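Written out below as structure tokens is the structure these notes cover.
Everything numeric in this text was worked out from a predicted model, so none of it was measured. Just so it is clear, the values below take in all heavy atoms, side chains as well, and ignore hydrogens, waters and symmetry mates. Note that ligands are numbered from 1 as they come in the structure, with each ligand's atoms numbered from 1 the same way.
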Amino acid sequence: MKRILVTGGAGFIGSHLCERLLAQGCDVVCLDNFFTGSKQNIIHLIGNNYFELVRHDVTDPYKAEVDEIYNLACPASPIHYQYNAIKTVKTSVMGAINMLGLAKRLNAKILQASTSEVYGDPTIHPQVESYWGNVNPIGERACYDEGKRLAETLFMSYNRQNHVKTKIIRIFNTYGPRMMPNDGRVVSNFIVQALTNKPITIYGSGEQTRSFQYVDDLVEGMIRVMSTPDSFTSPVNIGNPGEFTIKQLADKVISMTGSHSKIEYKPLPSDDPVKRRPDISLAQSELGWNPTVNLEQGLAKTIAYFEDYLKHNKLEF
Ligand code: NAD
Ligand code: UDP
């Protein structure tokens with residue numbers, strides 16, 4: 001039985017990953033400091049003898065005997081990662097050092113949840129893994145973008161210098177059930193606004209684009225990357241190449257929910273990337289991976305989740 005550590009396991013993506021690993025017969029340690037994650041996300045797993053929940057902060061060293069580590073601990077939504085920018089850098093960088101140190105001691109495989117944000121506001125489109133990016137190192141997004149870039153540097157350095165078995169995935173915008181309703185990310189914001197008939201807040205003109213991937217596709221990609229041969233260390237884009245403007249997303253959510261919400265335009269946050277779409281040729285050729293859930297199918301599942309959530313919970317914002 002494989003023993004697996006998932007840092008950030010009580011978060012949106014982490015909770016889906018823990019669920020999937022348990023279903024595959026793994027023994028899972030879920031580590032989280034509950035900054036943006038919650039026990040609610042993994043409460044259905046508590047009681048499973050092969051699931052362990054540990055309250056811990058990755059900026060402090062941690063010891064456990066495991067075979068694989070998925071390092072997801074880091075706030076992902078701009079409002080949360082900018083709330084305490086210094087802590088975000090520490091989480092990315094010290095978290096990576098602590099987890100890589102653990103992987104080195106255990107001779108374990110370790111996968112880093114990196115991000116399309118390493119490409120910044122990209123000057124090539126779609127983004128390929130060989131593109132070095134266009135990141136403002138002193139902007140408001142830098143704590144996240146540069147933190148994740150440095151984590152990639154650390155992963156490659158531990159691989160070259162200490163032969164740690166490292167994997168890096170660059171995750172593009174992911175959505176699905178268990179996103180926090182007040183998380184600030186566009187899909188959850190629009191769905192909650194539409195379901196409560198509140199104005200849909202479009203930042204800027206709404207002409208900026210994103211490519212949205214459903215969480216189950218991402219989890220499948222993560223597991224496939226982890227099982228690549230040890231010699232495979234290249235970062236891999238994991239995302240859905242379907243590209244939509246934010247205005248198109250707003251219109252889709254309004255029509256799928258039958259909402260009476262009107263659109264309200266708000267200022268564009270600084271350094272907001274103009275366009276984003278993954279080139280997934282590497283994931284296709286190396287992993288045989290392709291996304292299987294299109295935007296309408298994924299939105300339908302996510303809308304159903306939030307409808308149910310709003311029936312049973314009070315919104316706290
Ligand atoms: P999330 O905020 O729901 O999950 C992050 C989890 O990490 C939370 O449970 C949080 O409490 C935990 N955490 C934060 N700081 C920690 C610390 N110092 N010590 C221990 N735990 C800590 O976000 P998510 O969307 O599930 O993202 C998971 C990972 O995937 C993150 O590393 C994020 O950067 C990456 N990612 C996500 C997306 C996306 O679209 N969701 C895109 C690119 C990359
Ligand atoms: N966005 C928006 N309205 C919102 C939330 C976000 O128009 O209520 C925009 C945001 O400015 C960005 C895009 O949607 O252009 C995606 O934002 P998100 O925070 O989800 O992810 P990221 O910018 O990190 O890709």
| task | Please examine the side chains of V118 and V135, heavy atoms only from C-beta on, and report whether any two atoms are closer than 4.5 Å. | result | no
| task | Could you check which of Y265, Y203, Y144 puts a non-hydrogen atom nearest to atom 6 (C) of ligand 2? | result | Y203
| said: What I want to know is whether N173 and ligand 1 share at least one N or O pair that is separated by under 3.5 angstrom. | reply: no
| query | Would you call the rings of F12 and H16 parallel, tilted or perpendicular if under 30° counts as parallel and over 60° as perpendicular? | reply | perpendicular
| Who's the nearest protein heavy-atom neighbour of atom 21 (O) of ligand 2, and how far? | N173 ND2, 3.4 Å
| query | Is there a heavy atom in G184 that sits closer than 4.0 Å to ligand 2? | reply | yes
| said: With nothing but distance in play, are any N or O atoms of N71 less than 3.5 Å from an N or O of ligand 1? | reply: no
| task | Look at atom 37 (C) of ligand 1 and say which protein heavy atom is nearest, naming residue and atom and giving the distance to 0.1 Å. | result | I13 CD1, 3.7 Å
| request: Examine K167 relative to F232 and say whether NZ or CZ is less than 6.0 Å from the centre of the six-membered ring and inside a 45° cone about the ring axis. | output: no
| message | Is there a polar contact between ligand 1 and D32, counting only N or O atoms under 3.5 Å apart? | response | yes
| query | If you measure from each non-hydrogen atom of Y175 to ligand 1, which part falls under 4.0 Å: side chain, backbone, both or neither? | reply | neither
| L31 N/O to ligand 1 N/O under 3.5 Å | no
| said: For ligand 1 and P75, I'd like to know whether there is a polar contact (N/O to N/O, distance under 3.5 Å). | reply: no
| said: Restricting to ring-ring contact (aromatic ring centres under 6.0 Å, His included), what partner residues turn up for F190, sequence neighbours left out? | reply: none
| message | Looking at E68 and K2, is there a salt bridge between them, counting it only when a charged N and a carboxylate O are closer than 4.0 Å? | response | yes
| field | Polar contact flag for T115 and ligand 1 (N/O pairs, less than 3.5 Å) | value | no
| query | Any salt bridge between R170 and E152, counting N to O under 4.0 Å? | reply | yes
| note | Quick look: E117 vs ligand 1, heavy-atom contacts under 4.0 Å, and the answer is neither
| request: Considering heavy atoms of the protein only, find what lies nearest to atom 11 (O) of ligand 2 and give residue, atom and distance to 0.1 Å. | output: D272 OD2, 2.7 Å
| field | Residue part near ligand 2, for Q208, under 4.0 Å between non-hydrogen atoms | value | side chain
| task | Flag N33 as yes when one of its N or O atoms lies below 3.5 Å from any N or O atom of ligand 1, and as no otherwise. | result | yes
| request: Decide whether the shortest distance between a heavy atom of K148 and an atom of ligand 1 is less than 4.0 Å. | output: yes
| query | For atom 3 (N) of ligand 2, which protein heavy atom lies nearest, and how many Å away is it? | reply | T201 O, 2.6 Å
| For P273, is at least one N or O under 3.5 Å away from an N or O on ligand 2? | no
| query | Can you find a non-hydrogen atom of P78 under 4.0 Å from ligand 2? | reply | yes
| query | Looking only at distance, does D57 have an N or O less than 3.5 Å from an N or O of ligand 1? | reply | yes
| query | Heavy-atom contacts under 4.0 Å between M180 and ligand 1: side chain, backbone, both, or neither? | reply | neither
| request: Measure the acute angle between the ring planes of Y119 and F172, then classify it against the limits of 30° and 60° as parallel, tilted or perpendicular. | output: tilted
| field | ligand 2 contact by R141, heavy-atom criterion under 4.0 angstrom | value | yes
| field | N or O pair under 3.5 Å between V58 and ligand 1 | value | yes
| message | If I apply the N/O under 3.5 Å rule, does S114 come out as touching ligand 1? | response | no
| Check ion pair K247-D251 (N to O, under 4.0 angstrom) | yes
| query | Should E296 and K252 count as an ion pair when the cut-off is N to O under 4.0 Å? | reply | yes
| With a 4.0 Å heavy-atom cut-off (strictly under), which part of V186 contacts ligand 2: side chain, backbone, both or neither? | both
| said: Which residues pass the side chain to side chain contact (heavy atoms under 4.5 Å, CB included) test with T292, not counting sequence neighbours? | reply: D217
| field | R276 heavy atom under 4.0 Å from ligand 2 | value | yes
| field | Value rounded to 0.5 Å, distance of CD1 in I79 from CG in D183 | value | 6.5 Å
